[in-house]
Amino acid sequence: MEIAKTYEPLKAEEKWYQHWLNQGYFHSEPDHREAYTVVIPPPNVTGVLHMGHMLNNTIQDVLVRRARMLGKNACWVPGTDHASIATEAKVVQKLRAEGIKKSDLSREEFLKHAFEWKEKHGGIILEQLKKLGASCDWERTHFTMDPEYSESVINVFIDLFNKGKIYRGVRMVNWDPEALTAVSDEEVLYKEVNSRLFYVRYKIIGETDEWLTIATTRPETILGDTAICVHPSDPRYSRFVGKQVLVPIANREIPVIADEYVDMEFGTGCLKVTPAHDTNDYELGQKHNLPSIDLFNDNGTLNANGAHYEGQDRFEVRKAIETELASKGYLVKTEDIINKVGYSERTNAVIEPKLSLQWFVSMKELAQPALDHVMNGDIQFHPEKFKNTYRHWMENVKDWCISRQLWWGHRIPAWYYGDRPSDFVVAKTLEDAVEAATQKAGMAIDPSALRQDEDVLDTWFSSWLWPISVFNGLTQPNNPEIQYYYPTNDLVTAPEIMFFWVARMIIAGYEYLGDLPFKNVYYTGIVRDKLGRKMSKSLGNSPDPIELIEKYGADGVRVGILISSPAGNDLPFDSSQCEQGRNFTNKIWNAFRLVSSWEVREIEQATSSKVAIEWFENRFAQVLSEINDNFDKFRISDALMAIYKLVWDDFCSWYLEMIKPGYEQPIDAITLERTISFFEDLLKLLHPFTPFVSEELWHSLRDREAGNDIMMALWPQVKEVQQAPLTDFERNAEIIANIRTIRKNNSIATKVKLDLFIKAPASMASIADSVLVKMGNLSQLEYVSEKVEKANSFIVDGTEYFIPFGDSIDLDAEKQKIEEELQYTKGFLKSVQGKLSNQNFVSGAPAQVVDNERKKEADALAKIALLEAKLAEL
RNA sequence: GGGUGAUUAGCUCAGUUGGUUUAGAGCACUACCUUGACAGGGUAGGGGUCACUGGUUCGAAUCCAGUAUCACUCACCA
């Protein structure tokens, strides 16, 4: 049967993925084997696969597939995250497009829309992962808002509240005026932006024409000023402290106060204090008992305190108030400056510091074990450098604002029964709440009098339970699954979410199971485009992974994305890498095509084939250890490169050429059998990286019984490496390279047979010489005691080799080549002798190092003698 | 501004705790070859004062100090 000239991935991918699914290979149940568990970083339920997911999930699949082949019970748990803000924003947007405003809907109506949206778009990303070949246990797919998962989230809230680790309070929080919710510190991105510094003067009361000039980037908050602050030891202003000044436009009187917080160098040294709209000003306000005037509505427009600006957006007011200040003579000047402004990670709206009543997790004590167990290596980070970042954050951890003014998510299980701030209870159900409230209030509380908190919990307050709750470890404590699969083994994720997610999972792991959630954390880099820009939807510089798969094949894309992405390094991605991956799958395919074209006859095995087999056996064993070592160190790219070279260079370029029968010649049975079994071993090493082509060829190489699939095959065993065949090969390869060079320099076609003379005793002859005859295309190989006249020559390992000239030869070129080699060797000798003539080196360095240098010297001297002799002859 | 890490070939990176050649790999590049597995191929080759300056050492890409540039991260300078 004709075999296609190139590998055609699409058909194979569909066929084998379906086959693996049908066989139930992806599914795991606890058994006697060692467990190997990975939980997927759950993507946003409404998300679409991007290059970052590709990188991340390819690595996970490689680890999982290899673990499976090592005989472990591999379980890769997939799932999605409800991603409260992001998803709610999408739903609101979709409704708006349909002419429906969120504010017109009840909570129940909105959630109905949201769930419809989730049903429709949810899980697209998981389907896309299948195209990549991801061997997830799809029967275990979880969603952070599944009923049982939600129950565990609520239980944890209640438990932490009861332990006093969750509290409710009024704090300055990061307010997202677009999403209309508070966000955590980690969800605020600070960007440097060009802005302007406005110098505004305030008239001092009781003086004729004395003014204090302040500098601010936010003139629109002037109406909320409740003080002017100067440094207590600032001589320019000390006499004004205690006086009153008039706020422009508002015409309110506010005091001049002194505090060391003020930087005398910045601006004018006078600071306007707006306690309601700046974290620091808030603290100053607290310290100096200043009133707080809230100027903004939740959506970022000004409220009644904004006087005639009421209802206008904060940024419009900034422009308008500049004009007004200028026209009334309050604006002294403006300056361009660069300052940092906080943006919402989700909506990109400028964050407004806002005083509000929120729920917080008190982090300090919870974080301690999580810090300790990473620092002492119980949990390992790859690369290790991220430990530093982690420690820094954990040592300075702040309380975590977990309430969000949204509907999509886990509703906070707090119930209010009265008007005082303390009139609430935390309970799982309305019934429990009634009972608790009755007890707390000391009087009967009617269910209808209870109102549940309107807010939901931060998404991360559910995803921090992911490694536990996907096995129902909290709702069914100590169930067989959590006992078997937990702690999980490796977590593969992006460093960006180290604090959002990784740190908090570690915290939850120790708090709830008293044990680590995973043993290793592999941090991937950011996928960037050729210009070094982060790939993003808005830049439009991210290729569609599915299109890439269709173009290059899933295996090609997997190789392309892994070929050069060490842990923690950013990956500058270019589709040419996928091309390289595709070429590699094609190379493997064609190796198969060659092997399958051979016809077996009962002929004697060629000596060169015996030599080749012995060499490859040992070469394979050698590289296998390297690959295993790379895997142990999470050096995935290096492992891939090692198998890449083993297949391409050692197997295809050398081994197959060494055993290849002549055109239309048959092959002997032993050699073919050994070759097929080498091929099988190679396919096993390839399988984690290129699952599809390896499975396809596994079945093409031999007829297999049902159920004999490479996916479930065992990883090759490590064998002891014999050095002799390897060094023989190295020498032969060098001789062959020299022969090829001679052919090239003298334009001798590969087909023309050559004679090779070796100046060495005939006792040096070995069966390995047969390889030289075959690979060098020699008509004869002879050991001689004298040098051969009129011949090209070269030296390998101190032995001289001769190939008699053909009809013509370029003597000058030959001379030049020898000259160059001579020069190099002399230079080398000089550096070695330099060391050896240094008394300090000879006496100071270890004997072994000195001996080594002496040997190098002797070798170089011998080589120089040979080369000079050759030159003299020419 | 604080902290951390980096700087090796055109690009992406190794370099295993200072001494196997005068520093390696993959890709890219150059020349030539190629009807017999694969042009998505083969052979050969070019290309680097290991960021800079000092220091430690018999010996430094490797250790130390400083400088420069970059990245990440934290932070309340309006």
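Letters go in sequence order (proteins before strands), and every chain restarts at 1. Computed from a predicted model, the values in this text were never measured in an experiment. Because only heavy atoms are used, hydrogens play no part in the values below, and waters and symmetry mates are left out as well, while side chains stay in.
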[N] pairs with which nucleotide, Watson-Crick or G-U wobble, both distances below 3.5 Å?
N      : result
B/rU57 : none
B/rA9  : none
B/rG66 : B/rC52
B/rC32 : B/rG42
B/rA71 : B/rU4

Item to check | RNA chain B-proximal residues of residues 657-665 of chain A, any heavy atom under 4.0 Å | outcome: A/E657, A/K660, A/Y663
Checklist entry - So which of residues 581-595 of chain A are in contact with RNA chain B, with a heavy-atom cut-off of under 4.0 Å? => result A/R582, A/N583, A/N586, A/K587, A/N590, A/A591, A/R593, A/L594
Distance in angstrom units between [X] [atom1] and [N] [atom2], rounded:
X      : N      : atom1 : atom2 : result
A/K385 : B/rU4  : NZ    : P     : 14 Å
A/F679 : B/rA37 : CZ    : C1'   : 10 Å
A/Q577 : B/rA25 : CD    : C1'   : 15 Å

Once ring-ring contact (aromatic ring centres under 6.0 Å, His included) is applied, do any residues pair with [X], and if so which ones, sequence neighbours excluded?
X      : value
A/H231 : none
A/F198 : none
A/Y523 : A/F381, A/F386

Compile the donor-acceptor pairs under 3.5 Å between side chains in residues 643-661 of chain A and protein atoms, sequence neighbours left out, one pair per line.
| from | atom 1 | to | atom 2 | distance (Å) |
| --- | --- | --- | --- | --- |
| A/Y644 | OH | A/Q580 | NE2 | 3.3 |
| A/D650 | OD1 | A/R619 | NE | 3.4 |
| A/D650 | OD2 | A/R619 | NE | 3.0 |
| A/D650 | OD2 | A/R619 | NH2 | 3.3 |
| A/S653 | OG | A/W648 | O | 3.1 |
| A/Y655 | OH | A/T675 | OG1 | 2.8 |

Item to check | Residue A/K191 excluded, over 12 heavy atoms near NZ under 6.0 Å | outcome: yes
Checklist entry - Is the CD atom of A/E8 crowded by more than 12 outside heavy atoms at less than 6.0 Å? => result no
Next on the checklist: Under 4.0 Å, heavy atoms only, any strand: does A/W648 hit a base, just the sugar-phosphate, or nothing?
Outcome noted: sugar-phosphate
Checklist entry - Is A/A749 touching bases, backbone alone, or none of the nucleic acid, heavy atoms closer than 4.0 Å? => result nothing
Item to check | Protein-to-nucleotide contact annotation, 5' to 3' order, nucleotides 11-19 of chain B [B base; S sugar-phosphate only; - none; under 4.0 Å, heavy atom] | outcome: -BSSS---B
Checklist outcome for this item: Protein-proximity profile, nucleotides 73-78 of chain B, B/S/- by nucleotide at the 4.0 Å heavy-atom cutoff, equals SSBBBB
Checklist entry - Can you name the side-chain contact (heavy atoms from CB on, under 4.5 Å) partners of A/E395, sequence neighbours left out? => result A/L371, A/R391
Next on the checklist: Applying side-chain contact (heavy atoms from CB on, under 4.5 Å), can you list everything that pairs with A/N396, at least two apart in sequence or on another chain?
Outcome noted: A/H392
Checklist entry - Going by heavy atoms in the side chains, are A/I351 and A/W175 under 4.5 Å from each other? => result no
What interatomic distance, in whole Å, is found between [atom1] of [M] and the corresponding atom of [N]?
N      : M      : atom1 : answer
B/rA51 : B/rA68 : C1'   : 8 Å
B/rU43 : B/rU56 : P     : 49 Å
B/rG42 : B/rC52 : P     : 36 Å
B/rC58 : B/rU12 : P     : 39 Å
B/rG10 : B/rU30 : C1'   : 13 Å

Item to check | Pairwise distance CG(A/L571) to CD(A/Q577) - rounded to 0.5 angstrom | outcome: 6.0 Å
Checklist entry - Distance from A/E265 atom CD to A/D234 atom CG, nearest 0.5 Å? => result 9.0 Å
Report, one pair per line, the protein and nucleotides 46-51 of chain B atoms (nitrogen or oxygen only) whose separation is under 3.5 Å.
none

Checklist entry - Taking only residues two or more places apart in sequence, or in another chain, which ones meet A/K551 in a side chain to side chain donor-acceptor pair (under 3.5 Å)? => result none
